Amino acid sequence: MELTHEQAQRWLLNFHGKVTDNKAYLSDLDQAIGDGDHGSNMARGTEAVKEKLASVTDESLEAVLKQTAMALISKVGGASGPLYGSAFMAMAKKAKETRDLSVLIEAGLEGIKHRGKADVGDKTMIDMWQPVATALKEGTFSQATIDQALLDVKPLKAKKGRASYVGDRSIGALDPGAVSSGYLFEALIEEVIA
Amino acid sequence: MELTHEQAQRWLLNFHGKVTDNKAYLSDLDQAIGDGDHGSNMARGTEAVKEKLASVTDESLEAVLKQTAMALISKVGGASGPLYGSAFMAMAKKAKETRDLSVLIEAGLEGIKHRGKADVGDKTMIDMWQPVATALKEGTFSQATIDQALLDVKPLKAKKGRASYVGDRSIGALDPGAVSSGYLFEALIEEVIA
Amino acid sequence: MSLGIVIASHVDHIAEGVYRLLKESAPDVSITYAGGTDDGEVGSSYALIEAAIEQNDSDTLYCFYDLGSAKMTLEMVSEMTDKDVTIIDAAFIEGAYTACALIQGGYKQTDIDAQLAPLKVK
Amino acid sequence: MSLGIVIASHVDHIAEGVYRLLKESAPDVSITYAGGTDDGEVGSSYALIEAAIEQNDSDTLYCFYDLGSAKMTLEMVSEMTDKDVTIIDAAFIEGAYTACALIQGGYKQTDIDAQLAPLKVK
Ligand SMILES: Nc1ncnc2c1ncn2[C@@H]1O[C@H](COP(=O)(O)OP(=O)(O)O)[C@@H](O)[C@H]1O
Ligand SMILES: Nc1ncnc2c1ncn2[C@@H]1O[C@H](COP(=O)(O)OP(=O)(O)O)[C@@H](O)[C@H]1O
Ligand SMILES: [Mg+2]
Ligand SMILES: [Mg+2]
Ligand SMILES: [Mg+2]
Ligand SMILES: [Mg+2]
């Protein structure tokens, strides 16, 4: 399935909506196993994405993804900034070659892994991106992928990020970055897949 | 030789004078291999000693030494505060048993070694206190002891304190704490030995 | 009563900034701090460190410091207080952050000691 | 041109305080700093870190950070700059102090690397 720049814009604006609506919840998840700011970080970052996209002149998929990356990198303020930023930077770069959604998401996932040096099982946003990327490649991506990923992230013990400092207290908790990534992919379903 | 409380007071006031007169020099030595504040630290600390001694009511050697310790600990602001402070605290404690100058200086030296966990050869004030303590015990203490100690400290490479961070740059330089301790013992010669 | 944390820095702003950093991730941990000399210069203050130790809600304290002379001042204060004070040689910010996150997580001293051990640099 | 030092902290006051601490012992070393988010909150700012890197008089930089997300931001900036940037995993304050004192002392990169190696904690 191919991604157009209009779909990408709607995708990211939808993501902004979900993150903003769930800002307090995301921060609460982050309070339990981190520093309590993921919600405000992501609200701030996606607000900047929304502003940038409203003024972007280059109507290409690459430009939309790159502007998104830059807004997130410069405004999020926490680890998720460089991480989401690297994901969208990698997608922007890949968008020069292809619009294939599955290939783009895979590129985004690699960007996150490269930047954060984490992997599946470390209890990070990767534990949402990986199952989604795999499902997209296999043609089985749906809300159920996202729901299952959240169930699977709970029992993990955090190995990266601030949650890795709280030891066993991360076990049984939802990882905030995985949850915000869940919103990203729900927005994808609503604006692109559906 | 025995130390009286009047001699101790004159000793410390004389020390204050020397440190204050040589404040810039001590700080210059400290700028070369440290953070440049030993002169102002010691001037501030000995000023506080002078003030405390002017108002001390307990006319005992122990009180003079203890008040000196507390003034230095609370006002010096750098490593030499806890170090000189521990020296005078140890001397104050030893003064309950004896007024013997040699035994007191030896106690002060042990206080510095215990507090700073340094030893002879580490290029610290210990490289002044040790030769002086030894000479006092052997009955050979004089200005020559102090002069020789300063010559001997120059080629050492610093192993403790801020100077230990500058590597070989400490070689050939005078250690500021050894120099200020030299003033302490010159004051001792002028007020007690002479 | 859980472990309390004391931050002792050569600089007032560093101590206050580290406190802010730690409090974000450890809102329920008892953290006090002291930085700089009594005159606000770079150095250590016996009085400020003593106040941080005495005013901490906890009676069992782990104390973190940046450079050596702050450690000596901490030692002198710890010799005069009734509180149970341990001075930690771990990396200053990294160690304090780790300890605070673990205390917030309900960990006990032995676990915290184990996590601090690899951070020992001084 | 000697090595320059960049300080990247999650907190504005920490970065400024560390700068003050370092400058005392390294008056001739080129040190720049960035701390906190653009809004003065706890976090990292790409813009502030980029400015610290670009405004440092030196073109060869050793960069020190307190916690992980500052490192990631440093990495992103380092990928976009022409400067020769090395991000150091040593203890933040202890490592930065050591590096500055050694640069002030005229030491070269290989000696500094050797002194920083035992301070690696992240
Ligand atoms: N090294 C990493 N690799 C992948 N994801 C990470 C990494 N570090 C943190 N994260 C993600 O970032 C989220 C936290 O983001 P946020 O709260 O905005 O940043 P911070 O922890 O700096 O406050 C975590 O829940 C996790 O999903
Ligand atoms: N561990 C130590 N043991 C003995 N003496 C020390 C030690 N550390 C520092 N010193 C002495 O303290 C002097 C520096 O004092 P000062 O400049 O007042 O403190 P700071 O180094 O904290 O600025 C050094 O010249 C040295 O003689
Ligand atoms: Mg957070
Ligand atoms: Mg944060
Ligand atoms: Mg000094
Ligand atoms: Mg000093």
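Lettering follows sequence order; numbering is per chain, from 1. Everything numeric in this text was worked out from a predicted model, so none of it was measured.
Counting only distance, with no hydrogens or angles, the side chain of A/Lys75 and the backbone of A/Thr46 share no donor-acceptor pair below 3.5 Å. The backbone N or O of A/Ala95 sits nowhere less than 3.5 Å from a side-chain atom of A/Thr98 that would complete a donor-acceptor pair.
In summary, the side chains of A/Thr68 and A/Tyr84 do not present any donor paired with an acceptor at a separation below 3.5 Å, with no hydrogens or angles considered. No side-chain N or O of A/Gln31 forms a donor-acceptor pair with one of A/Ser27 less than 3.5 Å apart. C/His10 and C/Ser69 share a side-chain donor-acceptor pair at under 3.5 Å. Side chains of A/Asp152 and A/Gln148: a donor-acceptor N/O pair is present below 3.5 angstrom, by distance only.
Nearest heavy-atom pair, A/Thr4 versus A/Leu61, reported as atom, atom and distance to 0.1 Å: O-CD1, 4.0 Å. Residue A/Leu83 comes nearest to A/Ile112 through the heavy atom pair O-CG1, 3.6 Å, listed as atom of the first residue, atom of the second, then distance.
Scanning residues 38-66 of chain C against chain A with a 4.5 Å non-hydrogen threshold yields no residues. Within residues 93-103 of chain C, the residues having any heavy atom less than 4.5 Å from a heavy atom of chain A are, in residue-number order, C/Tyr97, C/Thr98, C/Ala101, C/Leu102.
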Decide side-chain contact (heavy atoms from CB on, under 4.5 Å) for A/Ile146 and A/Phe141; before the verdict, give the C-alpha distance in whole Å, the side-chain angles of both, and the deciding distance to 0.1 Å.
-> CA-CA 8 Å; A/Ile146 297 170; A/Phe141 174 61; 4.1 Å; yes

Would you sort out whether A/Gln7 and A/Glu191 count as a side chain to side chain donor-acceptor pair (under 3.5 Å), showing the intermediate values?
-> CA-CA 6 Å; A/Gln7 285 174 315; A/Glu191 302 300 339; over 6 Å; no

Verdict with reasoning, A/Ser60 to A/Glu62, per side chain to side chain donor-acceptor pair (under 3.5 Å) = CA-CA 5 Å; A/Ser60 72; A/Glu62 184 192 344; 5.2 Å; no

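Neither the backbone nor the side chain of A/Asp30 comes within contact range of chain C, judged by heavy atoms closer than 4.5 Å.
Ranked by heavy-atom pairs shorter than 4.5 Å toward chain C, the options A/Gly34, A/Ser164, A/Gly36 are led by A/Gly34. Each of A/Ile33, A/Asp168, A/Asp37 has some count of heavy-atom pairs under 4.5 Å with chain C, and the biggest count is that of A/Asp168.
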